[in-house]
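All remarks here apply to the structure that follows.
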Amino acid sequence: MNESKDFLRTIIDEDLKSGKYKEIITRFPPEPNGFPHIGHAKSICINFGIARDFEGQCNLRMDDTDPKKEDTKYVEALKDAVKWLGFEWNTKVHFTSDYFSKLYDYAVELIKIDKAYVDSLSEEEIRQYRGTVTQSGKRSKYAKRSVEENLDLFARMKNGEFKDGEHILRAKIDMSAANMKMRDPLLYRIRHANHFRAGDKWCVYPMYDFAHCLSDYMEGVSHSICTLEFENNRDIYNWVLNTLKLELPRPYQYEFARLGINYTIMSKRKLLELVQSGEVSGWDDPRLPTIAGYKRRGYTPESILNFCDQIGIAKANSMVDVSQLEFCIRDDLNKKVPRVMCVLDPIKVNIVNYDGCEKIDASYYPHDVPKEGTRELPFSKDIYIERDDFNQNPPKDYFRLTPEQPVRLKHAYIISFKELIKDASGNIIEIKVNYHSDSKSGVDTSGIKVKSAIQWVSAKECKKVEVRLYNRLFLVENPEGIKDINPNSLQIIKNALIEPAVINEKPDERFQFERQGYFYADPIDYTEQNPVFNKIVALKDSWTKKVKTTKTKANKIQIDGEAAPMNEEQNKAFNKYANELKLNNELANILARDEELSHFFEESLSLLNSPITLANMVANEVARELKQTTKLKFTPKQIAELVGMIDDGTISNKIAKQVFEEMAKSGENPNAIVESKGLVQISDPSKLSPIIDEIIAKNPTNVAKFKEGNTKLLGFFVGQVLKTTGGKANPKVVNELVAKKLNE
RNA sequence: UGGGGAUUCGCCAAGUGGUAAGGCACUAGCUUUUGGUGCUAGCAUUCAUAGGUUCGAAUCCUAUAUCCCCAUCCA
């Protein structure tokens, strides 16, 4: 776990501390209309992880409000994913469809308080009436229907008296709301459809915005965590719960950025397209970012969990590099799985001076993996090695077998090149070599230095296996769909050769094929007759990577637009502030452009003739408060009082900010705050000196660093002094004193 | 275009007025019978840009730029 908390956990911490909730309840609320992918895994980790961390609970809830798209098989896939990742839901799986009758009652409630109405506009008309982002919409004439009529109509909608689309239940909010989502959102639609759980019982189905918040509420959810695209829906979420006047505690919605990974597609719609088009073999195709795909490919739940932990949770749209995921699976498997030898592209090697055969005892694990286990490796005259591990005309720094360079057969002997056998067209079909009988692994007395040890299998005893190599499914970083697909994303090797122990002993399901990567015995297609291995991920490879592209950092140039021109009145004010009062242009500009601020400023100026300090206070501090609240708790007079204390040296700017905050919160007079908290600043060097000396004595390493030229540390020392004096030390004086003392 | 979000290294991401965390990637060196692993070191005088406030700004103020979301009877 990271030491630092993400923003959600920070909020929850505060809510718990403030007593807003006694227990933390979250939920993972997928719609069962597709297979879960690694983006869902992120959400699962967040919701179940938070529940675990705060000793609360997380509900698994199927958000099944659209009977047209949902299906039981997706419910099962979702349950599998949660279980596979190692989380447990509380007692049972929840379904929004279980709440249909309660939801219906809430809708009736809304109608009764005249906050919902049955609209009978056509779909097209509804769209038109909604307006656009820049133009407000207009309300349907049906919004005027009486409560009784609405109640009657809604009941008849439920009873199936109308056709799909004939009527619709809407919230009565505001057709001119700037947030489009609040323009009388749809609550219930008529659907004569069979629901996979509710059957034919219902003819009306609730919309997401109505069902979700209430389902959360009914389950006692405290924190309803969803992705960024629901930010605009938060207003409806709150509106529904508030206008129904539900008892506290109630849930609140928080949004985080969904997961994006480069070279992969995460949209459920596009994933479905890939599956249906046959571009992949199914939802569990190992090239897919679905949980089922990763599982089939051989990823471990631990690696996915770790990945989710590493990428963090934030609100900025982001695209994680696949290498981060690959790191997680390598990192996990490195500690766990046996190393074995498999030759993917075999070339025959004949050891001319070796006769007979022998069994070599070889460890499954390298020296740095603290696990035990060995197998017997048959060795004989005829073996196979990887075609790439021999090179007749090696490039510089090639470590493997060449006509001049011997190589070690991993766990066995060193061999030296003797002769090449080629066919009529010049292709190498066999390499003849000599072995060094005194170079056996572990008891090597030959003194021969080799640069590497390569994998091999004995020709007679090795087993033929099928190996499926996966490359990234897409050619481009940000794929749009089938058009970007990598035609070589799957490579099947039918005749790979593997050492016999893997097949006979089956020491594990996952292996590292030495020097190649991690592989997984396919859980479905693997048979005794035709063993199949999926490549999970390649080992890191700093050899083939040596030919690397150099990247250049382009300096981005930003073109700044211009601020809107000032009107006549603003211009007049600006000139007055800049010329008469001698404010700097920035200050004059800020005040002149904001009517509220300029009024505030002029009023305070009439009480205290200190234009510059006042202007600073108003343009910076007052402006901030104005952004956050509509009604200020303090007056221009109080500001004048506060500025007066700065001007006469009673308090420093730093204290002034502290006092200001207090004043903004309580509305108390600055004088009173300063007095009650004893905030008068300390400017007397004789009082400050001992404190500074103490801090210098306590931080010898920082003093040394400072003397070596790290002048930034001056801020550190000043900060420490301010901290120990509770902000009361006069920073200017401290600054001078510290600088003097440090330079002594 | 109205509204809502976001912007800290190639990619994630801490940080909420007092020395710019960490991970991935990358680059060296050491170790290594995996060109793996491990270890060590190196990777942001600067936080989208420009101003302002402050002894001190990634953090506060102002303006600007760029990206994302919203006009499904989907969720």
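Keep in mind that the numbers below use all heavy atoms, side chains included, and drop hydrogens, waters and symmetry copies. Just so we're on the same page: letters track the sequence lines, and every chain starts at 1. Please read all numbers here as calculations on a predicted model, not as lab measurements.
- Using Watson-Crick or G-U wobble geometry with both donor-acceptor distances under 3.5 Å, B:rU40 finds its partner in B:rA28.
- Regarding contacts with the backbone of B:rG2, every side-chain N or O of A:S136 stays at 4.0 angstrom or more from both OP1 and OP2.
- Residue A:K540 places at least one side-chain N or O closer than 4.0 Å to OP1 or OP2 of B:rC26.
- No salt bridge links A:E386 with A:R515; every basic N to acidic carboxylate O contact stays at or beyond 4.0 Å.
- At a cut-off of 3.5 angstrom, counting only N and O atoms as typed in the model, there is no donor on one side facing an acceptor on the other between the side-chain of A:R330 and the base of B:rG36.
- A close approach under 4.0 Å does occur between a side-chain nitrogen or oxygen of A:R515 and OP1 or OP2 of B:rG35.
- When the side-chain nitrogen and oxygen atoms of A:R127 are compared with OP1 and OP2 of B:rC73, one or more of them lie within a distance under 4.0 Å.
- A close approach under 4.0 Å does not occur between any side-chain nitrogen or oxygen of A:K315 and OP1 or OP2 of B:rC68.
- Across all strands shown, B:rU62 forms a Watson-Crick or G-U wobble pair with B:rA50, both key distances being under 3.5 Å.
- Checked by distance alone, A:N585 brings no side-chain donor or acceptor within 3.5 Å of a matching partner on the base of B:rG52.
- In this structure, A:I311 reaches the sugar-phosphate backbone alone: every heavy-atom distance under 4.0 Å involves primed, P, OP1 or OP2 atoms, never a base.
- Searching all strands for a Watson-Crick or G-U wobble partner of B:rG56 with both distances below 3.5 Å returns nothing.
- Side-chain to base pairing of A:Q135 with B:rG2: no donor and acceptor N or O lie closer than 3.5 Å to each other.
- Side-chain N/O atoms of A:N306 include none lying less than 4.0 angstrom from OP1 or OP2 on B:rG23.
- When heavy atoms are screened at a 4.0 angstrom cut-off, A:K732 is found touching the sugar-phosphate backbone but no base atom.
- For B:rG36, the OP1/OP2 oxygens have a side-chain nitrogen or oxygen of A:S542 closer than 4.0 Å.
- Taking atom P in both B:rU19 and B:rU66, the straight-line distance is 34 Å, to the nearest Å.
- Nucleotides B:rC74 and B:rC67 have their P atoms positioned 31 Å apart, rounded to a whole Å.
- You'll find the side chain of A:F511 stays beyond 4.5 Å of the side chain of A:Y364, heavy atoms only.
- B:rA58 and B:rG17 have their C1' atoms separated by 11 Å, with the value rounded to a whole Å.
- Across all strands shown, B:rC70 is found opposite B:rG2 as a Watson-Crick or G-U wobble partner, with both distances under 3.5 Å.
- Judged by atom type and distance alone, A:Q512 reaches the base of B:rU34 through a side-chain donor-acceptor pair under 3.5 Å.
- Between A:K627 and the phosphate of B:rC61, there is a side-chain N or O to OP1/OP2 separation shorter than 4.0 Å.
- A:N233 comes within 4.0 angstrom of a base, heavy atoms only.
- Of the side-chain N and O atoms in A:R258, none sit less than 4.0 angstrom from OP1 or OP2 of B:rA6.
- In terms of phosphate contacts, A:T65 brings a side-chain nitrogen or oxygen within less than 4.0 Å of OP1 or OP2 of B:rA75.
- With respect to the salt-bridge test (charged N to carboxylate O, under 4.0 angstrom), the residues A:E231 and A:R234 do not qualify.
- Under a 4.0 Å N-O distance rule, the pair A:D397/A:K451 does not qualify as a salt bridge.
- Here A:K181 does not pair with A:D209 in a salt bridge; the nearest charged N to carboxylate O distance is not below 4.0 Å.
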Next on the checklist: Please evaluate residues A:R130 and A:D184 with respect to the criterion side chain to side chain contact (heavy atoms under 4.5 Å, CB included), reporting the C-alpha separation (whole Å), side-chain torsions for both, the decisive distance (0.1 Å), and the verdict.
Outcome noted: CA-CA 8 Å; A:R130 190 144 38 214; A:D184 287 11; over 6 Å; no
